Amino acid sequence: MNNFTTIITRQLQLQQRAVENTLLLLDEGATIPFIARYRKERTGGLDEVQISQISEWNERLKELVKRKETIVKTIEEQGKLTDELRRRIEQCWDATELEDIYLPYKPKRRTRAQIAREQGLEPLAQIILLQRERDIRSVAKRFVRSDAATTVEAALDGAKDIIAETISENEQTRQRLRNTFRREAVIESKVIKGKQEEEGAAKYRDYFDFSEPLRRCNGNRLLAMRRGESEGFLRVHISIDNKEAIERVKRQYVHGYNDCATLVAEAAEDSYKRLLEPSIENEMATLAKQKADTEAIGVFGENLRQLLLAAPLGQKRVMGVDPGIRTGCKVVCLDAQGNLLYHDVVFPFPPRGNKAEAAKKFSDIAHRFQSEAIALGNGTASRETAEVLKSAPLASSVKLFIVSEDGASIYSASKTAREEFPDEDVTVRGAVSIGRRLMDPLAELVKIDPKSIGVGQYQHDVDQPQLKRSLDQTVESCVNLVGVNLNTASQHLLTYVSGLGPTLAKNIVEYRRENGAFTSRAQLKKVPRLGPSAFEQCAGFLRIPEAKNPLDNTAVHPESYKIVEQMAKDNACTVAQLIKDKALQKRIDLNRYVTQETGLPTLTDIMKELEKPGRDPRGEAETFEFDERVHDIGDLQVGMILPGIVTNITKFGAFVDIGVHQDGLVHVSQLANKFVSNPTEVVKLHQHVEVKVTEVDLLRKRISLTMKGL
């Protein structure tokens, strides 16, 4: 078992064999969805989250190995690499400890200590540190040189600079100070004088004079303070009791009462104030930011997952409406496959129109194109437009759905949208996106940069590469969980299928265009550059509803077709009959089909697919109506119980749209009658909920809500 396996097994508390096999599969190029779905026997049934953690640790350790190589090479070039030092570096698997080991050898700018060493004062510094000389000034005279330090005081000051740097680079000293910061550090933020009345400052009012122990500061508050700092409103500082910390450093280095001890004490204080404290504060700030980033990215990823897995309406003819007042409502009609049939602009509001005429026009358009549902964007004038649509003489079967507009404008101006609708303007593309989101949220939202979908907080403040990796992984997970129709999926959607990527996705679409619809998964092997490895990774996640082989429309992997065929043969029926007949399925004894390669986990998954072939795990879309009593924040009264839609979830609670153009907050403490540590345990994104108004702050446009007792 290599070091990586040992470390990851210990860190994640997983089975050694499961970690080892997962690392092998990842090294072979297997994707996380593929490993989780089709290699359960080898991983012991690890889920995507666990496999993702193994992958992240694997990458982290690879980076650490590269860093070690750089450090060894640098020290070796200095001629200071001993066998013991090499051994310590090789055996170190903690990034912070590694940097502490390297610090004394790390190339630096020309420091005060370096200048003193160039003046030959290193021996004097060593003599002072020993604290044995009774008359250190006499000793220092020997180090006074005409071309460098011209006085005894200058020589002693130079020696103290060397001692200060030596103390600051001591591993034990740094670790002790780190531990002190972890236990005792306080994070403080104060408004910069004169900034409190500037535009934009009000949102940081809670942090104008704020402090709390760093270990208790949650990620949301830390990111809010950091944003206020970056925007020039706040000054943020992490500190401990400096007086006590200095005394601790002195106690470590001062061993007597003579002049040398005094000089060491002075150097220790200088080391703390000038070198140690700023360095460790920066370190703690970085660690706190990393923790906050990880927390925020986790929340963002979970929100994105819920949004992508929102219930689809399915293949229905939809009228998409992007509401507006002055510029009117952009209206599009789509067929059941999402193709654009018609577009227009309807003006329900003055000065260019009125509600009665608009209602009739909406009705005429819906009737003309046989629309089965209406997707209305939730932006400006959404409530008002919904009222007009409800008054329109539409067929009773036509349902109205409110759809999130977040990111629609980003999509409408994107390269993808221009390629799809080169002859239409951005308003038409935006309305199409709204309509298609109702039909299949996943297929449409994958076209938009996840950061622009609006389901997270501080997404522009967190580590951007880490955020991108996490969100891309979330999108990939959702796409492969649901499965993709090989004959209707866009190139963008196919890109996220396990084993494909942009090039193969494009090749599949071009092959489909030239040769017509796929009739079997096996045809994928004819797609240019789609080799055996890519086929193995992607085949199980691609569906062909009208395939000759019914298994091609299930999550059963082609490598397992023979097992199902043997099951059918043993029951004297065809595969198609086995899929349709539940009684036949119940007669199957899975233990008969266990082999060295295929265990019960895979066989159980196969049976679930035979029971519900091609099933969609996302449920069905639901309609929603706001309370007619409220239209803006001024209509709210404390105590009102209102219907709402969850629009965003954070660590500190959930934001709910109650139809007043300003989302209200249900704090985590108000989500349920019990203690809630994670809001996602109670609510889901776009969930329809009932809330009670507890407070309305008209000045700051803040609405406090509760779900307790409802």
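Being a predicted model, the structure only gives us computed values, none of them experimental.
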What heavy-atom pair brings [X] and [Y] nearest, and what distance separates the two atoms?
X	Y	answer
Glu476	Tyr496	CG-O, 3.4 Å
Val497	Val484	CG2-CG2, 3.8 Å
Val403	Ile434	CG1-O, 3.8 Å
Ile32	Gln473	CD1-NE2, 3.5 Å
Leu493	Ala489	CD2-CB, 4.0 Å

Go through the side-chain N and O atoms of [X] and [Y] and say whether any donor and acceptor fall under 3.5 Å apart.
X	Y	answer
His343	Glu424	yes
Thr416	Glu420	no
Thr495	Gln491	no
Thr647	Asp663	yes
His631	Glu387	yes

Identify, with sequence neighbours excluded, every residue that meets ring-ring contact (aromatic ring centres under 6.0 Å, His included) alongside Phe541.
->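 Tyr38.
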Look at Arg37 together with Asp605 and state whether they make a salt bridge at an N to O cut-off of under 4.0 Å.
-> yes
Evaluate whether atom CD of Glu620 has more than 12 neighbouring non-hydrogen atoms of other residues, nucleotides or ligands under 6.0 angstrom away.
-> no
Could you give all pairs that pass the ring-ring contact (aromatic ring centres under 6.0 Å, His included) test and reach residues 688-710, with sequence neighbours left out?
->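 Matches after skipping sequence neighbours: Phe624-His688.
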Steps toward side-chain hydrogen bond (donor to acceptor under 3.5 Å, both in side chains) verdict (Thr680, Glu302) = CA-CA 8 Å; Thr680 57; Glu302 179 57 32; 5.4 Å; no
Tell me, please, which residues at least two apart from Tyr204 pass side chain to side chain contact (heavy atoms under 4.5 Å, CB included).
->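 Phe208, Arg227, Glu231, Phe233, Leu234.
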If you look only at pairs with a residue in residues 324-347, which of them pass as a salt bridge (charged side-chain N to carboxylate O under 4.0 Å, His left out), with sequence neighbours excluded?
-> Asp344-Lys361
Name each donor-acceptor pair under 3.5 Å that joins a side chain in residues 702-710 to protein atoms two or more places apart or in another chain, with its distance.
{"residue": "Thr706", "atom": "OG1", "partner": "Gln670", "partner atom": "O", "Å": "3.4"}
{"residue": "Thr706", "atom": "OG1", "partner": "Gln670", "partner atom": "OE1", "Å": "2.8"}
{"residue": "Thr706", "atom": "OG1", "partner": "Lys708", "partner atom": "N", "Å": "3.1"}
{"residue": "Lys708", "atom": "NZ", "partner": "Ser669", "partner atom": "O", "Å": "3.3"}

If you look only at pairs with a residue in residues 364-375, which of them pass as a side-chain hydrogen bond (donor to acceptor under 3.5 Å, both in side chains), with sequence neighbours excluded?
->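 The answer is Lys360-Asp364.
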Is the cationic atom of Arg429 (NZ for Lys, CZ for Arg) positioned less than 6.0 Å from the six-membered ring centroid of Phe421 and within 45 degrees of its normal?
->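 The answer is no, since Arg429 fails at least one limit relative to Phe421.
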